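Report on one structure; see the data block that follows.
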Amino acid sequence: MLKLRLKRCGRKQRAIYRIVAIDVRFRREGRDLRKVGFYDPIKNQTYLNVPAVFYFLEKGAQPTGTVYDISKKAGIFAELCINQTKL
């Protein structure tokens with residue numbers, strides 16, 4: 001099963017996180033399938049590769065709670081509902 005979750009990067013006390021698609025059996029810093037964005041809590045910046053996020057969500061990937069909140073603020077799930085109603 002796939003998950004969209006955070007992968008910790010950066011140095012001590014200055015963490016930034018990559019949002020990655022990863023198999024649930026791998027550890028947090030393990031091998032990811034694809035990087036789909038990043039989140040910097042210090043500067044409060046977020047970047048999401050929207051087509052990649054849509055691709056993995058359509059394939060059945062489950063976002064973790066934090067990734068779900070970040071995506072919701074970016075409006076990903078509103079776009080996903082609009083795209084599904086068009087089909």
Side-chain angles (χ1 to χ4, degrees):
M1 184 166 116
L2 290 177
K3 283 216 177 228
L4 295 176
R5 67 180 180 194
L6 298 175
K7 183 175 183 178
R8 190 178 194 278
C9 300
R11 60 182 192 212
K12 195 168 26 172
Q13 302 294 323
R14 300 287 297 176
I16 59 172
Y17 297 92
R18 288 185 183 147
I19 301 171
V20 297
I22 194 168
D23 193 331
V24 295
R25 295 172 287 185
F26 295 139
R27 59 193 178 110
R28 182 182 70 183
E29 282 86 17
R31 184 173 44 113
D32 53 28
L33 298 174
R34 186 164 178 196
K35 297 172 185 77
V36 295
F38 78 88
Y39 170 62
D40 186 356
I42 296 168
K43 295 180 182 176
N44 201 16
Q45 292 179 339
T46 304
Y47 169 76
L48 291 172
N49 184 351
V50 177
V53 172
F54 282 155
Y55 173 77
F56 284 110
L57 289 175
E58 289 172 355
K59 294 296 181 185
Q62 297 295 316
T64 60
T66 308
V67 174
Y68 178 81
D69 292 340
I70 291 169
S71 302
K72 191 174 178 181
K73 286 181 185 176
I76 294 290
F77 294 107
E79 290 181 30
L80 186 63
C81 292
I82 291 170
N83 289 340
Q84 286 181 348
T85 57
K86 288 180 181 178
L87 296 175

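None of these values were measured; they are calculated from a predicted model.
Looking at heavy atoms from C-beta onward, Lys73 lies out of side-chain contact with Thr46 at the 4.5 angstrom threshold. Taking the side chain as every heavy atom from C-beta outward, Leu57 and Leu4 approach each other to under 4.5 Å. Side chains of Val20 and Arg34 form no contact here, defined as non-hydrogen atoms less than 4.5 Å apart.
In this structure, Gln45 CD and Tyr39 OH are separated by 11.0 Å, a value rounded to the nearest 0.5 Å. If you take CD on Gln62 and CG on Leu2, they are separated by 10.0 Å, rounding to the nearest 0.5 Å. Interatomic distance, Ile19 CD1 to Lys35 NZ, rounded to the nearest 0.5 Å: 13.0 Å. One distance of note links CG of Asp32 with CG of Asp23; it measures 11.5 Å at 0.5 Å rounding. The structure places CG of Asn49 at 13.0 Å from OH of Tyr55, a figure rounded to the nearest 0.5 Å. Atom CD1 of residue Ile70 and atom CG of residue Leu6 lie 5.0 Å apart, to the nearest 0.5 angstrom.
Scanning all heavy atoms of the two residues, the minimum distance from Val67 to Arg5 falls at CG2-CA, 3.6 Å. Closest approach of Leu48 to Ala74, counting heavy atoms only: CD1-CB, 3.8 Å. Closest approach of Lys3 to Thr64, counting heavy atoms only: CD-CG2, 4.1 Å.
Residues satisfying the side chain to side chain contact (heavy atoms under 4.5 Å, CB included) test with Arg8, not counting sequence neighbours, are Ala15, Tyr17, Arg28, Glu29. By the side chain to side chain contact (heavy atoms under 4.5 Å, CB included) test, Tyr68 pairs with Pro63, Lys72, Phe77, sequence neighbours left out. Applying the salt bridge (Lys or Arg N to Asp or Glu O under 4.0 Å) criterion to Asp69, with sequence neighbours excluded, gives no partner residue.
In this structure, Ile16 is not a member of the same hydrophobic cluster as Phe38, with clusters built from ILVMFWY side-chain heavy atoms closer than 4.5 Å. In the hydrophobic clustering of this structure, Leu33 groups with Phe54; members are Ile, Leu, Val, Met, Phe, Trp, Tyr whose side-chain heavy atoms approach within less than 4.5 Å, directly or through other members.
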